[in-house]
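So the structure is just underneath, and the comments pick up after that.
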Amino acid sequence: MVDKQLALLGGNKTINTNFKLYHSIAEEEKQAAIDVLETGVLSSFLGAWHENFYGGVKVQAFERAWADFFQVKHAVSVNSLTSGLISAVGAIGIEPGDEVIVSPWTMCASATAILHWNAIPVFADINKQTFNLEIASVEANITPYTKAIIAVDIFGHSADIDALMVLAHQYDLKIISDTAQAPSALYHKKYAGTLAHIGGFSLNYHKHIHTGEGGVMVTDNDEYAERMRLIRNHAEAVVEQKGETNLSNMLGYNFRLGELEAAIGIEQLKKLPKITARRQAIAMRLTAGLQVLEGLQLPIIQPECTHVFYVYPMLIDVQLLRVSRQSIYDALVAEGVQGLVQGYVNLHRLPMYQQKIAYGSNGFPWSAEFCQRDVDYKLGICPVAESLHEQTFLGYQMCLHELTNEQVNLIVAAFHKVWSGLELLRGTLKEG
Ligand SMILES: *Cc1c(COP(=O)(O)O)cnc(C)c1O
């Protein structure tokens with residue numbers, strides 16, 4: 001018999017166990033790592049025009065496996081997606097002062113990759129159903145200075161890449177897809193990330209598959225692939241001998257992935273379909289259990305797309321329920337639900353954008369002469385993103401734990417219990 005009294009108000013908790021932290025490393029990864037360790041060579045990259053310019057055997061095998069899986073011509077491994085996005089923005093030939101449109105609902109690196117080339121991030125609003133870039137807002141933000149769009153496949157669902165590619169065609173823009181959270185999600189029968197000019201995946205611990213740190217960029221464009229490989233590995237030291245004549249953005253870094261990570265990545269990639277299927281099964285169980293609750297928007301999957309659920313995104317209709325998100329969140333946490341997050345982010349609200357202080361302290365690059373326009377980051381530029389963040393978005397971070405079906409059932413039970421006690425929350429908690 002389920003105790004009806006909310007745990008928040010002194011009743012018993014629905015969930016009394018700690019969920020197991022996500023753990024996808026097993027014997028295969030251990031053996032792959034040992035095999036590399038036994039060679040004693042943990043990276044074969046050389047930052048010179050040399051046969052080892054493209055990295056060691058595991059790095060190259062990993063890139064081939066990734067390109068095969070995602071059905072792309074080129075996969076370029078990097079030591080993080082942060083590095084990868086920097087190399088992608090450089091590869092497409094962005095100039096200082098160019099504007100690049102990006103979503104405010106993403107990890108900060110999607111936007112700093114733009115600033116790294118002294119280009120200017122412009123934030124467009126998001127869509128209420130997919131939380132990805134809203135096409136009308138993207139178009140409204142295009143100026144003569146716009147050169148690219150970074151589309152983020154947030155929470156595990158692809159951005160509307162066909163519509164973005166139409167804009168790209170119309171306005172001569174390049175599209176970079178940040179697919180960190182949506183590896184193997186499908187968009188119109190193709191993998192998310194593979195339909196843009198360049199796509200990128202993260203192999204950070206929290207992602208579906210990981211190597212601790214790491215990333216992979218994908219493209220069908222030979223020139224972009226080669227420019228990313230150059231930026232990855234000290235371009236400026238290599239261009240002359242390699243015979244590269246286009247020196248624009250050939251300012252290199254060390255963004256190289258090690259052999260250990262690559263060897264682990266090969267094993268992790270094999271597990272991606274199974275990991276994804278498990279995420280989707282959990283999400284279906286959540287949806288089946290939660291769909292009867294009024295005032296709760298569950299994940300909306302667009303036609304001919306799949307969702308891979310890095311986060312299980314929900315919206316609470318606080319007007320209809322007359323209960324604040326904070327009250328519902330507190331009640332769910334009190335029931336023992338682990339992994340919930342209120343709101344997401346609004347990158348444009350970070351101090352760096354508010355004060356326009358990035359390089360040094362004088363407002364560079366925004367204050368530079370090459371900046372043609374005073375780009376606005378004030379509250380109100382992304383009304384949907386802002387209101388969902390402040391008031392209605394509730395995420396279940398599926399990336400954090402490994403859940404048994406019984407635990408998923410308990411999460412559902414906790415939601416039901418809180419929903420049947422909403423009247424009490426109205427009475428006892430101040431609406432925020
Ligand atoms: C994780 C993440 C990144 C950054 O990836 P790293 O490999 O940690 O640098 C970028 N964008 C999004 C949307 C992410 O979730």
Side-chain angles (χ1 to χ4, degrees), residues 22 24 62 66 75-90 100-116 121 123-124 126-127 130-133 148-159 161 164 175-185 187 192-193 196 198-218 228 231-232 253-258 261-262 264-265 268-269 272 275-276 279 307-313 339 341 343-348 350 385 389 393 395-400:
Y22 186 58
S24 63
F62 179 45
W66 197 277
V76 180
S77 64
V78 275
N79 59 4
S80 71
L81 180 58
T82 300
S83 308
L85 289 168
I86 294 171
S87 65
V89 174
V100 180
I101 295 173
V102 62
S103 171
W105 272 37
T106 181
M107 188 261 174
C108 56
S110 315
T112 51
I114 301 161
L115 281 168
H116 275 288
F123 295 98
I126 62 168
N127 177 283
T130 64
F131 313 104
N132 286 318
L133 279 173
I149 299 168
I150 298 186
V152 185
D153 302 328
I154 205 69
F155 305 143
H157 190 294
S158 177
I161 207 77
L164 291 171
I175 313 276
I176 295 170
S177 169
D178 173 341
T179 311
Q181 301 187 1
S184 83
Y187 178 91
I198 299 176
F201 301 89
S202 169
L203 297 169
N204 167 273
Y205 163 62
H206 293 290
K207 301 299 157 41
H208 285 66
I209 56 172
H210 76 101
T211 60
E213 303 289 351
V216 185
M217 308 308 289
V218 294
M228 287 194 287
I231 293 167
R232 167 176 75 178
Y253 293 86
N254 176 348
F255 287 160
R256 307 174 313 206
L257 192 68
E261 290 82 358
I264 292 169
Q268 284 276 291
L269 179 59
L272 180 57
I275 287 169
T276 304
R279 288 280 172 95
H307 200 307
V308 297
F309 298 103
Y310 181 73
V311 170
Y312 182 91
V341 60
Y344 195 55
V345 287
N346 273 317
L347 282 190
H348 58 294
L350 291 180
H389 174 64
F393 182 83
Y396 186 69
Q397 301 175 88
M398 295 186 55
C399 50
L400 296 183

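Remember, it's 1-based here, ligands and their atoms both numbered in the order they're listed. Computation of the quantities below employed the complete heavy-atom set of this structure, encompassing side-chain atoms and omitting hydrogens, waters and symmetry-equivalent molecules.
With hydrogens left out, the protein atom closest to atom 9 (O) of ligand 1 is Thr82 OG1, 2.5 Å, a heavy atom. What sits closest to atom 8 (O) of ligand 1 on the protein, heavy atoms only, is Asn204 CB, 3.6 Å. Protein heavy atom at the shortest distance from atom 3 (C) of ligand 1 is Met107 SD, 3.6 Å.
Looking at heavy atoms from C-beta onward, Ile161 lies in side-chain contact with Ile175 at the 4.5 angstrom threshold. Asp153 places a side-chain heavy atom less than 4.5 Å from the side chain of Ser177. Taking the side chain as every heavy atom from C-beta outward, Val308 and Gln181 never approach each other to under 4.5 Å. Residues His307 and Pro313 meet the side-chain proximity criterion, which asks for heavy atoms closer than 4.5 Å.
Gly214 counts as a contact of ligand 1, since one of its heavy atoms falls under 4.0 Å from the ligand.
Counting atoms of ligand 1 from 1 in the listed order, those under 4.0 Å from a heavy atom of Thr106 are 13 (C).
Of all the listed residues (Asn79, Asp178, Val311), Asp178 holds the heavy atom that lies closest to atom 10 (C) of ligand 1. Nearest-residue assignment for atom 2 (C) of ligand 1 (options Glu213, Gln181, Lys207; heavy-atom criterion): Lys207.
For Ala109, no heavy-atom contact with ligand 1 is shorter than 4.0 Å. Only side-chain heavy atoms of Ser110 come within less than 4.0 Å of ligand 1; its backbone N, CA, C and O stay farther off.
Between Trp66 and Phe62, the angle of the ring planes goes over 60°, which puts this pair in the perpendicular group of the 30/60° scheme. Between Trp105 and Phe393, the ring planes are perpendicular. Angles over 60° get that label, and only those under 30° would be called parallel.
Distances between N or O atoms of Ser202 and those of ligand 1 include at least one value under 3.5 Å. Polar contact with ligand 1: present for Leu81 (N/O pair, distance under 3.5 Å).
With hydrogens and angles left out, the side-chain atoms of Gln268 and Ser24 include a donor and acceptor closer than 3.5 Å.
In summary, the aromatic rings of Phe131 and Tyr344 are positioned with their centroids too far apart to meet the 6.0 Å limit.
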